[in-house]
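Note that the coordinates shown come from a computational prediction; the quantities given were computed from them, not determined experimentally. Letters A, B, ... mirror the listed sequences (proteins, then strands); counts begin at 1.
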Number of protein chains: 2
Amino acid sequence: MNLINLSESAYLAMHSLALIARSQPKRLTVKHLAEELDASQAHLAKVFQTLHKAGYVESVRGPAGGFVLKKPADDISFLDIYETMEGPANMGHCPFGKTKCAFHNCIFTKDIHRISSDIYQTYKKIKLSDF
Amino acid sequence: MNLINLSESAYLAMHSLALIARSQPKRLTVKHLAEELDASQAHLAKVFQTLHKAGYVESVRGPAGGFVLKKPADDISFLDIYETMEGPANMGHCPFGKTKCAFHNCIFTKDIHRISSDIYQTYKKIKLSDF
DNA sequence: CTTATTTAGGCATTATAGTACCTAAATATA
DNA sequence: TATATTTAGGTACTATAATGCCTAAATAAG
């Protein structure tokens, strides 16, 4: 079991966009990306539907089509991609979503919050252009 | 979406054991714990089956029964409980379980590994007796 | 105009975690 | 001994995320 919460979708999204960013011209098809990342084409297609809706890529249909980056690579952080794929990052409060705790000063709170903040800042710092 | 991977089961396990540890005598029923933690009795019972198999508690059936801690509270870390409930913590390697990466020096590796180690050490440091 | 390529999107399937239920076994108490 | 309490463990149900499949729409190229 992973200590951190990271889905295949987030992995595919980040790596695909990085591959597009460093390609010339900056446009790649889902088929090509699926082969390069050794991933399911169907799943990757779904990921790109989400990325498209979120405005990170422009789509070009037909032969010689594919997906194009819509923003500069250093304007896109992994945090952006993560939240696009997995939903908003849940910081603060009880990591278990409890409103009331049987423990006055639940020992989890402080540590978990520190770790969450660390992850948040790290994801924010990682830019597409770093790849 | 939580940045960290933590299930309700791990929450219930850790908090229940802490409640038993600070009770006098050190024995509580599932029914009592479920009320105190405002949790599902059925779910908590399942959690205790796992804890029992793993050797953390002794069971006492019948009236005035319940579960008793089998080890000293400062010998039980949250890491122990976490791994009992969720399976072994997956450190090192690619956080996505990939064996080959399209990127020579995947930028994730270093950061993710640092964070995972941090979480691991933190869970290890948190003892039942700290509550 | 026809064909091949490629994205769009809905729907179906699968996997997994979480939750609930039911019966058996044990045991203290009356 | 009878009864109520409580754990044991199997099974089944539910929710959700992950994944896969199929058809439609768009478009470049011949």
Side-chain angles (χ1 to χ4, degrees), chain A residues 1-2 5-13 16-17 20 25 27-70 82-88 90 96-98, chain B residues 1-2 4-13 16-17 20 23 25 27-35 37-70 82-87 90 96-98:
Chain A
M1 179 61 78
N2 275 323
N5 219 344
L6 277 177
S7 72
E8 169 106 359
S9 297
Y11 165 86
L12 291 177
S16 295
L17 292 184
I20 293 177
R27 172 191 301 177
L28 292 174
T29 68
V30 166
K31 190 182 174 191
H32 175 96
L33 287 165
E35 280 164 8
E36 184 132 12
L37 293 174
D38 195 27
S40 144
Q41 191 171 330
H43 190 193
L44 195 54
K46 263 284 171 302
V47 167
F48 268 93
Q49 279 182 32
T50 305
L51 290 174
H52 183 233
K53 271 185 199 159
Y56 288 105
V57 289
E58 192 75 59
S59 75
V60 183
R61 294 188 182 192
F67 285 98
V68 192
L69 265 188
K70 235 175 136 180
Y82 176 90
E83 294 200 307
T84 299
M85 302 312 299
E86 322 246 7
N90 175 15
F96 304 101
K98 297 283 177 187
Chain B
M1 178 61 79
N2 274 323
I4 306 181
N5 219 344
L6 278 177
S7 71
E8 168 105 0
S9 297
Y11 166 87
L12 291 177
S16 295
L17 292 184
I20 293 177
S23 72
R27 172 192 302 178
L28 292 173
T29 68
V30 166
K31 190 181 173 189
H32 174 97
L33 286 166
E35 280 164 9
L37 292 174
D38 194 27
S40 143
Q41 191 171 329
H43 191 194
L44 196 53
K46 265 282 171 298
V47 167
F48 268 93
Q49 279 181 32
T50 305
L51 290 174
H52 183 234
K53 272 185 197 159
Y56 288 104
V57 290
E58 193 74 63
S59 74
V60 183
R61 295 188 182 192
F67 285 99
V68 191
L69 265 189
K70 233 176 140 181
Y82 176 89
E83 294 199 307
T84 298
M85 302 311 299
E86 322 246 6
N90 176 15
F96 304 100
K98 297 283 176 186

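To the nearest angstrom, P of dT6(C) lies 18 Å from CD of Glu58(A). Here dG18(C) presents its C1' atom at 15 Å from CG of Leu6(B), a figure rounded to the nearest Å. Regarding Tyr11(B), its OH atom lies at a distance of 12 Å from the P atom of dT19(C), rounded to whole Å. Atom CG of Leu28(A) and atom P of dT6(C) are 11 Å apart (whole Å). Whole-Å rounding puts the Gln49(A) CD to dG20(D) P distance at 15 Å. Between Phe67(A) atom CZ and dT6(C) atom P the separation is 12 Å, expressed in whole Å. Protein atom CD of Gln41(B) is 14 Å distant from nucleotide atom C1' of dA8(D), rounded to whole Å. Atoms CD (Glu35(B)) and C1' (dT6(D)) sit 14 Å apart, rounded to a whole Å.
Among the heavy atoms of the strands, none lies under 4.0 Å from Phe48(A).
Between Ser40(A) and dG20(D), a side-chain N or O to OP1/OP2 separation shorter than 4.0 Å is present. One finds no side-chain N or O of Ser59(A) lying less than 4.0 angstrom from the OP1 or OP2 phosphate oxygen of dT6(C). Contact between the side-chain N/O atoms of Ser9(A) and the OP1/OP2 oxygens of dA18(D) is not found at any separation under 4.0 Å. The side chain of His52(A) places no N or O atom within less than 4.0 Å of a non-bridging phosphate oxygen (OP1 or OP2) of dT7(C).
The nearest heavy atom of DNA chain C to Glu86(B) and to Arg61(B) marks one nucleotide each, and the one closer to the 5' end goes with Glu86(B).
Checked against dT6(D), dT19(D), dT19(C), the side chain of Glu8(B) finds its nearest nucleotide in dT19(C). Residue Pro63(A) places its side chain closer to dA4(C) than to any other of dA20(C), dA8(D), dA4(C). When each of dT6(D), dA20(C), dT19(D) is scored by its nearest atom to the side-chain atoms of Lys46(B), the top-ranked nucleotide is dA20(C). If you check dG20(D), dT7(D), dT27(D) against the side chain of His43(A), the one that comes closest is dG20(D). Listed nucleotides: dG20(D), dT27(C), dT7(C). Nearest to the side chain of Ala42(A): dG20(D). You'll find that the side chain of Ser7(B) is closest to dG18(C), out of dG18(C), dA8(C), dC21(C).
Side-chain atoms of Tyr56(B) and Thr50(B), non-hydrogen and from C-beta on, never get closer than 4.5 Å to each other. Within the 4.5 Å cutoff, side-chain heavy atoms of Leu44(B) are placed close to those of Ser16(B). In this structure, Ser9(A) and His43(A) have side chains that are in contact, with non-hydrogen atoms separated by less than 4.5 Å. A 4.5 Å side-chain heavy-atom check between Ile20(A) and Leu33(A) finds at least one atom pair inside the cut-off.
A side chain to side chain contact (heavy atoms under 4.5 Å, CB included) with Phe67(B) is found for one member of Val30(B), Leu51(B), Val60(B) and no other, namely Val30(B).
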